[in-house]
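Just so we're on the same page: letters track the sequence lines, and every chain starts at 1.
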Amino acid sequence: MVAQRKMASTRQTYGETLLDMADSFPDIVVLGGDLNVSVFTHLWRDKYPERFFDFGPAEQNLVGVGAGLAANGKIPFVSTFSVFGVGRPFDQLRVLVSQGNLNMKLVCTHAGILTGEDGMSAHGIEDLSLICSLPAFTVVSPADSVETVQAVKTAASTEGPFYIRLSRAATPVVHEEDYRFQLGKAEEMREGSDVTIFATGVMVSVSLDAADMLAAQGVEARVVNIHTLKPVDEEAIVAGARETGAVVSAEEHYFHGGLGSIVAQVVGQNQPVPVEMVALQGYSESARAEELMVKCGLTPEKVKDAALKAVSRKK
Amino acid sequence: MIGGRAPAAGHTYSVPELQAMAKELRRDIIQTIYTAGSGHPGGSLSELEILISLYFRVMRYDPENPGWADRDRFILSKGHASPGFYAVLSRAGYFPREELATYRQLNSRIQGHAHPMTPGVEMNSGSLGMGLSFALGCALAARLDGKDYMVYALLGDGECDEGEIWEAAMSAAHHKATNLVAIVDRNRIQNDRFTDDVMTLDPLDRKWRDFGWRVFETDGHDLPALLDTFEKTQRRRTRPTVIIAHTVKGKGVSFMENNPGFHGRAPNAEEYQKALEELA
């Protein structure tokens, strides 16, 4: 029932994509916080040491220096784990980067419970909620490594603050190599008329599997990849609500302030229909990523159940 | 010439001229805050000679071209002391003096805390501790671009309670930011009370030295001493430099001097008149 997909590491893809851009974007500089091997910026550090600065685990300063570089025409890619890169320097992101509208790119890996064994303090389940509250930021949560390449390149060539959310674990590849990412434009990955599943990040793959299960029961689910959470493609969300009459959101993030909140807001304002949310309900624990996905209900079965419930609530 | 190396030739200010300017700008500060009905007089008055030294003798910049790539950068990290900054920016030619009357008013370019919407302001501010990191980013950008501009960051002493100041201090030394000069406005009063009552900072010189900085101390109101100190910062730059400028909070207005009550409140009508009389 569950499709077999190639697995690929989005954080390794990130590090390799940076190297690809070194010549075409001479203003790119990379800033790290002592986690460069884990976020794969060590590839850049070792090849372009004069365009790399390490600040140790001192994230307020990391973001503050990034802001100063951005204000002087550089394109700083600032990278660490999502819990450290968003949580600790939130005020610097707010005052310097967002209110200053600076061209800084925050790319964080190890988001969500896929960080696994390191446990709850390492699980960045609040990052989307925090970062989406900052008006100037564009927020992208790629579904796989193919999308990561293009999201990172788009961030480099698009003026303004960006946040890109990546995982620790290798994740299923759901796109062909000829896929074309369009910032702010949701991607319909499967047609369907009974219910629409809006998914982001690793939950896109999970939702495609759920749609297969639903089809076996005669329910045709549309699956839409919301890679850009901000600015979100309201048109695609409204169309899904209008054309299928019931929606589900699916994210590997806390239920408050992430994709579910965004979808509910757009649907409620424009096209009220039943909304079900698949998301984390609270903190998790130390275990392997795949065990946590099951324990936290981020599985095709749970997405399928949510879709059936949404369909059953149609008037 | 404005500063030592500005593109447009101009006037080189003598010390007596700068001292007279300080008195005029103190009046501007009091008037700006009184007109707004709120603001931070204490730190604006304590920082003034530091800013005057930088803008009228030390820095190179072009008010007609605020984004000039080769300008020296000034970062006001203690962003609440914006009235002193605005008085100096206005006098330096970045915007008309009349605009000071719009401070904290609707639709003004002159915000409560300094923001880059004001010509001449590099960084958004208002949350303490951020300016030294930002200044280090500017300093590293100069290196990457092969430029020789200097970066000056003005910090409050109470602001040095912020951990980010010391993150930035450690990393500026590590990354050998020799074109970075921090100035601590050591007026010994922070928001609530005297700094000694809130959080012990001394020995402040040793803290900076231990973090890898070259340290100078000076009277922060004595213009010849300040100018001499800034001159010294240009010699043998092998480390980042900090100037601990000993100042008096509320300097120039007797009842504001060394008075924690005037960190963040405007004078009333009677106090306003008295202050202007003292500064006449």
Practice task
Calculate, to the nearest 0.5 Å, the distance between atoms CD and CG belonging to B:E122 and A:N72 respectively.
Solution key: 7.0 Å

Exercise for the section: With a 4.5 angstrom heavy-atom cut-off, could you sort out which part of A:Q92 is near chain B: side chain, backbone, both or neither? Expected result: both

Handout entry: Most chain B-contacting option - heavy-atom pairs closer than 4.5 Å, from A:P89, A:G100, A:A67
Key = A:A67

Exercise for the section: Please look at A:V63 and chain B and tell me whether the side chain, the backbone, both or neither of the residue comes under 4.5 angstrom of a heavy atom of that chain. Expected result: neither

Handout entry: Heavy-atom proximity to chain B below 4.5 Å, by part of A:L31
Key = neither

Practice task
Please name the pair of heavy atoms, one in B:E167 and one in A:E59, separated by the smallest distance, quoted to 0.1 Å.
Solution key: OE1-N, 4.1 Å

Exercise for the section: Name, in order of residue number, those residues of residues 135-147 of chain B that have a heavy atom at a distance of less than 4.5 Å from a heavy atom in chain A; otherwise write 'none'. Expected result: B:L136, B:G137, B:C138, B:L140, B:A141, B:R143, B:L144, B:D145

Handout entry: Top of B:I165, B:V151, B:N124 for chain A proximity - count of heavy-atom pairs under 4.5 angstrom
Key = B:N124

Handout entry: Whether over 12 other heavy atoms sit under 6.0 Å from A:R88 CZ
Key = no

Exercise for the section: Inspect the surroundings of CE in B:M117 and state if more than 12 heavy atoms from other residues, nucleotides or ligands are less than 6.0 Å away. Expected result: yes

Fill in the blank from the handout: For A:V95 and B:S127 the tightest heavy-atom approach is CG2-CB, 4.0 Å

Exercise for the section: Indicate yes or no for a side-chain donor-acceptor contact from B:H115 to the backbone of A:Q99 under 3.5 Å, with no hydrogens or angles considered. Expected result: yes

Fill in the blank from the handout: Between A:L96 and B:M130 the two heavy atoms that sit nearest each other are CG-SD, 3.7 Å

Fill in the blank from the handout: One option among A:V29, A:D54, A:L62, A:L102 has the most heavy-atom pairs under 4.5 Å with chain B, and it is A:D54

Completion exercise
Between the CZ atom in B:F134 and the CG atom in A:N61, the distance rounded to the nearest 0.5 Å is 13.0 Å

Problem - Contact class of A:N101 relative to chain B, heavy atoms under 4.5 angstrom - result: neither

Problem - salt bridge (Lys or Arg N to Asp or Glu O under 4.0 Å) pairs, two or more places apart, involving residues 169-184 of chain B - result: none

Exercise for the section: Tell me, yes or no, whether the heavy-atom count around A:H256 atom NE2, taken from other residues, nucleotides or ligands under 6.0 Å, exceeds 12. Expected result: no

Problem - Sub-6.0 Å ring centroid separation between B:H175 and A:F55 - result: yes

